[in-house]
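The structure under discussion appears below in the form of structure tokens.
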Amino acid sequence: MCGIVGYIGGQQAAPLLLEGLTRLEHRGYDSAGVAVLGTGLRIAKKAGRVRDLSDDLPKRFAGKAGIGHTRWATHGPANDVNAHPHTDAKGDVAVVHNGIIDNAGLLRKQLTDDGVDLASETDTEVLAHLIARSDADTLEGRVADALALIDGTYGIAVLHADFPDRIVVARNGSPLIIGVGEKEMHVASDLGALVRYTTTVAHLADGEMATLTAGGFTTYRQDLTSTNKTATLIDVDPAAYDAGEHDSFMHKEMLEQPTAAASVLRGRLDERFGTAHLGGLNMDARETRAIRRVKILGCGSAYYVGQMGASLLEELARIPADAEPASEFRYRNPIIEADTLYVAVSQSGETIDTLLAVQEIRRKGGRVIGLVNVVGSAIARECDGGIYLHAGPEVAVASTKALTNMFLGFALLALQLGRVRDLSIADGKRLIAGLNRLPDQIAEILGQEDQLAETATRLAGAESLFFIGRVRGFPVAREGAQKFKEISYRHAEAYQTSELKHGPLALISEEVPTVAVVPADELTDRNLGALHEIAARRGPLVVVTHADVDLGELGTGPAMIARIDVPRNEPELDPILLTIPLQVLAYHAALRLGHDIDKPRNLAKSVTVE
């Protein structure tokens with residue numbers, strides 16, 4: 001969970017590295033550092049943000065080859081010493097690393113027993129010493145020797161004072177992308193750091209290494225046999241990685257949701273037959289009908305939207321479906337069934353817990369498809385098929401438009417599976433009409449931003465909140481609580497509305513607001529009954545509902561902070577519309593509290609460590 005950048009060519013490296021690190025700061029921002037090769041190897045690193053490093057960078061920091069890093073701390077606290085790059089004892093080798101070395105403790109002991117003085121508490125530093133201790137004739141050989149001694153995940157970039165014409169990089173479980181320029185080469189852990197300079201790229205695969213020189217790149221396996229990888233031109237707008245007139249990427253990405261929703265639906269709806277066309281699933285009708293269960297795997301918001309997806313699949317396709325955290329899945333020795341369809345959900349396509357779950361399923365012969373937003377990502381490559389989300393680049397840690405498109409991806413999947421099975425053409429056409437209405441309805445909700453901001457100001461003053469919902473509304477409540485806690489730093493907990501009386505009601509008071517998800521459905525009266533229980537205990541209420549829901553005396557009672565009405569769609573599709581205002585509430589609460597919304601403390605965008 002960090003950002004890696006590298007450059008070699010005819011320009012001074014340091015300004016390019018700092019620019020790249022700034023664009024990758026959402027991947028880790030505990031500390032930052034750069035190394036350049038000019039007349040010798042020079043290092044500058046500092047705890048804090050990239051701007052702090054930039055302010056303290058020596059005026060004379062020349063070199064036309066360099067690597068840089070923004071850190072999300074795993075081994076050792078965030079301080080200057082633990083910041084990357086790390087070096088060997090002589091200062092000849094510099095390494096930046098994303099991932100975790102599982103046997104770092106053993107290697108550190110072996111090094112110290114041999115008299116090596118380790119400067120930091122990190123796992124990464126052992127790599128620099130291992131590379132320096134290799135007696136191979138080439139830098140490639142020395143890096144390969146070091147990697148042969150470690151267990152774990154890594155994306156690394158290496159400089160060596162004795163080999164000033166090259167950068168050596170390697171990947172195992174943590175992304176690295178090579179960018180090809182005009183007589184210069186770039187490398188980064190995320191496309192966002194490259195698009196200003198080139199859109200000709202090559203993605204390294206797990207177990208692959210590469211050498212970058214000003215004139216080009218070569219790829220090879222750890223045994224140094226060639227893989228002959230070539231670069232390809234990608235279709236991406238560099239402006240998509242800029243916040244533009246918005247004060248944060250989260251705000252920009254929230255407002256992009258109508259456009260993103262239309263994009264994921266475009267070309268995938270068949271109104272004539274009332275179905276969806278998802279050619280990327282790589283399954284014919286016979287294989288589809290053989291599915292007896294669906295298991296959805298994701299982490300954080302991807303897990304919660306997976307719960308929404310499970311509900312869609314059960315209702316529309318009448319297939320038993322459930323979601324569970326990918327981070328727990330493989331550790332319980334799961335039973336992999338031939339007639340179960342596994343679905344891996346990840347915005348980045350690099351979430352390590354989800355990737356490892358996919359690999360476990362594949363190892364045991366299961367069929368797995370991916371819902372991912374990044375073409376060429378690790379999960380996309382590992383899966384048997386999938387649905388690209390087409391949300392466009394998402395930079396903010398708190399997911400908005402990618403989450404919405406995940407829901408729509410599940411709706412398309414449920415529609416296609418349902419029509420192959422028992423869903424009628426009339427219901428298929430009903431759902432297609434609902435899907436086509438969604439982009440405009442999302443825009444309508446976002447048009448209430450000023451009113452939602454007022455409500456968020458009231459909620460920002462609370463130290464603790466409840467989010468509640470039933471059946472379709474419960475995953476909405478879980479996602480709402482997730483958003484609120486991760487960027488406002490207020491304690492927010494989600495419960496099924498029906499579970500309040502089984503314990504949580506003890507915490508209801510005037511100081512603990514409840515955000516209640518109350519759609520117009522068969523459970524409305526039950527939901528309203530629970531709200532009366534909260535109001536009777538002086539609990540403040542925010543109710544996210546539909547205009548035709550009559551709140552009665554609750555609506556004008558002293559407990560009511562606000563009523564938020566969202567437009568109705570088909571009942572199966574309502575959850576995503578109920579989710580949108582919860583994003584806006586979280587955003588404006590965090591803004592009111594003065595937090596750095598795109599860089600919430602202790603979190604990072606792409607979780608590439610276990």
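One-based numbering along the sequence shown. Keep in mind the model is a prediction, meaning the values are calculated, not measured.
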Backbone N/O of A35 and side chain of R42: donor-acceptor pair under 3.5 Å: no
dist L408:CG -> L371:CG (nearest 0.5 Å) comes out at 10.5 Å
Looking at side-chain heavy atoms only, is the closest gap between Y342 and C383 below 4.5 Å? no
Parallel, tilted or perpendicular, judged at 30° and 60°: which one describes the rings of H186 and Y197? parallel
Closest heavy-atom pair, A136 versus D145, reported as atoms and distance to 0.1 Å, is CB-OD2, 3.7 Å
So, taking the atom named CD1 in I4 and the one named CZ in R71, what distance separates them when rounded to the nearest 0.5 Å? 13.0 Å
Among T400, T404, N405, find the one that has a side chain to side chain donor-acceptor pair (under 3.5 Å) with Q257. T404
Would a 4.5 Å heavy-atom cut-off, applied to side chains only, mark I177 and D190 as touching? no
Taking atom types as modelled, find out whether E140 and T211 have a side-chain donor-acceptor pair closer than 3.5 angstrom. yes
With rounding to the nearest 0.5 Å, note down the distance linking CE in M209 to CG in L147. 5.5 Å
For side-chain contact (heavy atoms from CB on, under 4.5 Å), just list the numbers for I101 and T124, CA-CA rounded to whole Å, side-chain angles, deciding distance to a tenth of an Å, and then say yes or no. CA-CA 7 Å; I101 299 173; T124 302; 5.5 Å; no
Calculate, to the nearest 0.5 Å, the distance between atoms CG and CD1 belonging to D165 and I8 respectively. 6.5 Å
Under-4.0 Å salt bridge between R23 and D242: yes
Which atom names give the shortest non-hydrogen contact between V180 and T198, and what distance separates them? O-OG1, 2.6 Å
Give me the atom names and distance for the closest heavy-atom approach of G141 to S134. O-OG, 4.3 Å
State whether E328 and R332 are salt-bridged, where the test is any N-O pair (Lys NZ or Arg NE/NH1/NH2 against Asp/Glu carboxylate O) under 4.0 Å. no
Using only atom types and a distance under 3.5 Å, with no angle test, would you say the side chain of T351 pairs donor to acceptor with the backbone of S346? no
For T354 and A344, work out which heavy atoms get closest and say how close. CG2-CB, 3.8 Å
Would you kindly say whether E125 and S120 are connected by a side-chain donor-acceptor distance under 3.5 Å? yes
Is it true that a side-chain atom of T153 and a backbone atom of I100 form a donor plus acceptor pair closer than 3.5 Å? yes
Does a side-chain heavy-atom distance below 4.5 Å link L17 with I67? no
Shortest non-hydrogen contact from K483 to M250? CD-CE, 4.3 Å
Please examine the side chains of D598 and V395, heavy atoms only from C-beta on, and report whether any two atoms are closer than 4.5 Å. no
I need the I296 CD1 to M308 CE distance, nearest 0.5 Å. 11.5 Å
Would you call K90-D162 a salt bridge at under 4.0 Å N-O? no
Distance, nearest 0.5 Å, that separates CG of L403 from CG of N373: 11.5 Å
Assess whether salt bridge (charged side-chain N to carboxylate O under 4.0 Å, His left out) is satisfied between R171 and E350, documenting all intermediate values. CA-CA 12 Å; R171 167 188 174 142; E350 303 287 350; 3.2 Å; yes
Ring-plane angle category for H246 and H251, please: parallel below 30°, perpendicular beyond 60°, tilted otherwise. tilted
Test item: D206 side-chain N/O and G173 main-chain N/O as donor-acceptor pair under 3.5 Å: yes
If you take all heavy atoms of P164 and L37, which pair is closest and at what distance? CA-CD1, 3.7 Å
Taking the side chain as every heavy atom from C-beta outward, state whether L413 and I369 have any atom pair closer than 4.5 Å. yes
Does a side-chain N-to-carboxylate-O contact under 4.0 Å join E360 and K295? no
Are the side chains of L191 and V374 in contact, using a 4.5 Å heavy-atom criterion? no
Do I167 and L159 come within less than 4.5 Å of each other through their side chains, counting heavy atoms only? yes
Does anything in residues 53-66 pair up under side chain to side chain donor-acceptor pair (under 3.5 Å), and if so which pairs, sequence neighbours excluded? K46-D56
Check: E394 and S399 side chains under 4.5 Å, non-hydrogen atoms: yes
